[in-house]
Amino acid sequence: MRTADDFNRYYATPDPWGVSRATFRDRVLRRHVTRSIRNKSVLELGCGEGHLTQAIFHKARSVMAADISDVAIARAKSLDLRNARFETADLLDISFRGYDVIAAIECIYYLSHQEQGAFLEKVAREHSGKMLLLSGPIIDYQRYFSHRRLMLEFKAVGFTVVRFHNLSVYWHPLSVRIVANLLKLPLGYRLLDWLPERMIYQRLYALRAP
Ligand SMILES: C[S@@+](CC[C@H](N)C(=O)[O-])C[C@H]1O[C@@H](n2cnc3c(N)ncnc32)[C@H](O)[C@@H]1O
C-alpha cells in the first residue's frame with residue numbers, strides 16, 4: 001500500500017489528478033450515484049480534497065469523508081460543507097459500521113491485491129446487506145482491476161452486483177478519441193454503457209454486501 005507520505009507528496013500541488021476539471025466524470029457519476037445516496041448517510045473513502053464530497057455527495061443526508069493524506073483533508077475541511085465531516089485516516093483502519101452507503105471512488109486500486117481482498121471482507125463484515133459504490137480503472141494489471149477478476153472476487157466474498165456503468169473511455173487510439181469526443185456532446189454520455197469492453201477505462205460498480 002502507498003503511505004500517507006506518498007500521498008502527501010502528490011498533494012504538494014493542489015488537485016494532483018485534475019479531478020476538479022473532470023466535469024464529464026462528475027456528470028456520469030452524478031447520473032448513476034445520486035439515486036443511491038439521496039438522503040442517505042454516506043461513508044466516502046479516499047475523498048482527497050473533497051471534490052466529490054461537494055460535487056456529488058451534497059445530495060446525501062450526511063457524509064463522513066476520509067483520506068489518508070492530511071494535506072488533502074485540510075483542503076477538504078476548508079470547503080466548509082454543511083453535510084460533511086472530514087477525517088484523516090487509512091480506509092482499512094476506520095469502522096464501516098452505521099452508514100447506509102459506502103463509496104470508494106477511485107481509491108481502492110492503490111491497495112495491494114491482498115489489501116483489496118481484506119477491504120471487501122471488511123465491507124462484508126461491517127456493512128452487511130448494504131450498498132458499496134466502487135469505481136476505478138479497468139485495466140488488467142495486478143494492481144488495477146480487471147472486470148473478470150472483480151466479478152470473481154465479488155462472488156467469492158458473496159457480494160451481489162446490483163448494476164455497473166462505464167464512466168470513461170481510453171484516449172488512445174484515434175478511433176476511441178473520436179468516440180470520447182462524441183460522448184461529450186449533450187446526452188452523449190448515455191452511449192457509454194453500449195460501448196465495447198476494450199474501449200472502457202473506468203467503471204462504477206453498485207454492490208450489495210452479503
Ligand atoms: C485518485 S485520488 C481520488 C480522489 C477522489 N475519490 C476522486 O475520485 O476525486 C485517490 C485518493 O485516495 C486516497 N487514498 C489512497 N489510499 C488510501 C487509503 N489507504 N486510505 C485512505 N485514502 C487513501 C489518496 O490519498 C487520494 O486522495
Side-chain angles (χ1 to χ4, degrees), residues 1-2 4 7-8 10-11 14-111 115-116 118-120 122-136 159 162-165 167-168 202-209:
M1 184 179 72
R2 297 192 192 176
F7 285 104
N8 276 342
Y10 279 108
Y11 282 110
D15 197 9
W17 290 277
V19 295
S20 64
R21 296 190 306 277
T23 50
F24 180 78
R25 179 189 73 145
D26 287 359
R27 194 173 349 136
V28 181
L29 270 177
R30 203 172 287 122
R31 177 171 189 237
H32 296 307
V33 164
T34 302
R35 61 179 147 156
S36 302
I37 55 118
R38 194 186 293 279
N39 297 327
K40 300 270 171 60
S41 65
V42 174
L43 173 62
E44 184 194 357
L45 301 173
C47 64
E49 295 162 320
H51 172 74
L52 294 178
T53 325
Q54 183 168 44
I56 307 288
F57 297 112
H58 65 282
K59 298 278 185 192
R61 185 176 74 243
S62 62
V63 188
M64 169 65 215
D67 199 281
I68 199 167
S69 163
D70 58 320
V71 175
I73 287 295
R75 291 187 193 131
K77 282 182 175 166
S78 72
L79 296 174
D80 205 15
L81 303 179
R82 57 151 191 94
N83 69 336
R85 282 183 302 128
F86 292 96
E87 184 181 305
T88 304
D90 184 325
L91 64 90
L92 287 175
D93 291 340
I94 57 183
S95 171
F96 290 176
R97 294 186 197 279
Y99 302 97
D100 297 323
V101 178
I102 296 177
I105 308 296
E106 289 193 51
C107 56
I108 298 306
Y109 55 90
Y110 290 106
L111 305 180
E115 288 163 340
Q116 289 175 19
F119 167 75
L120 289 178
K122 182 172 162 69
V123 176
R125 247 186 352 264
E126 300 184 8
H127 190 63
S128 180
K130 299 186 195 172
M131 179 152 289
L132 168 66
L133 300 169
L134 177 82
S135 85
F159 281 85
V162 178
R163 53 198 161 82
F164 60 84
H165 298 286
L167 296 178
S168 60
Q202 290 189 329
R203 184 167 278 168
L204 171 78
Y205 295 86
L207 306 161
R208 176 89 40 210

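Scope of the values below: all heavy atoms of this structure, side chains included, with no hydrogens, waters or symmetry mates. Note that the numbering runs from 1 along the sequence shown for the chain. Note that the structure is a prediction, hence the values are computed from the model and not measured.
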Whether the Arg75 and Tyr11 side chains hold a donor-acceptor pair (N or O, under 3.5 Å, no angle test) is what I'd like checked. no
Tell me, do Gln202 and Arg25 make a side-chain contact under 4.5 Å, heavy atoms counted? yes
Rounded to the nearest 0.5 Å, how far apart are [atom1] of [X] and [atom2] of [Y]?
X	Y	atom1	atom2	answer
Asp70	Phe86	CG	CZ	14.5 Å
Lys77	Glu49	NZ	CD	14.5 Å
His58	Thr34	NE2	OG1	7.0 Å
Gln54	Ser20	CD	OG	10.5 Å

Expected output: side-chain Ser41 to main-chain Tyr99 donor-acceptor under 3.5 Å: no
Taking the side chain from Arg208 and the backbone from Gly129, do they hold a donor-acceptor pair closer than 3.5 Å? yes
Please determine which of Ile73, Ile105, Leu91 meets the side chain to side chain contact (heavy atoms under 4.5 Å, CB included) test together with Cys47. Ile73
For a side chain to side chain contact (heavy atoms under 4.5 Å, CB included) with Lys59, tell me which candidate from Arg38, Lys40, Arg35 qualifies. Arg38
Which of parallel (below 30°), tilted (30 to 60°) and perpendicular (above 60°) describes Phe164 and Tyr205? tilted
Results of ring-ring contact (aromatic ring centres under 6.0 Å, His included) for His51 - residues two or more places apart only: none
Apply side-chain hydrogen bond (donor to acceptor under 3.5 Å, both in side chains) to residues Ser36 and Arg163 and explain how you reach the verdict. CA-CA 11 Å; Ser36 302; Arg163 53 198 161 82; 2.7 Å; yes
Determine, using ring centers only, whether Phe7 and Tyr110 are less than 6.0 Å apart. yes
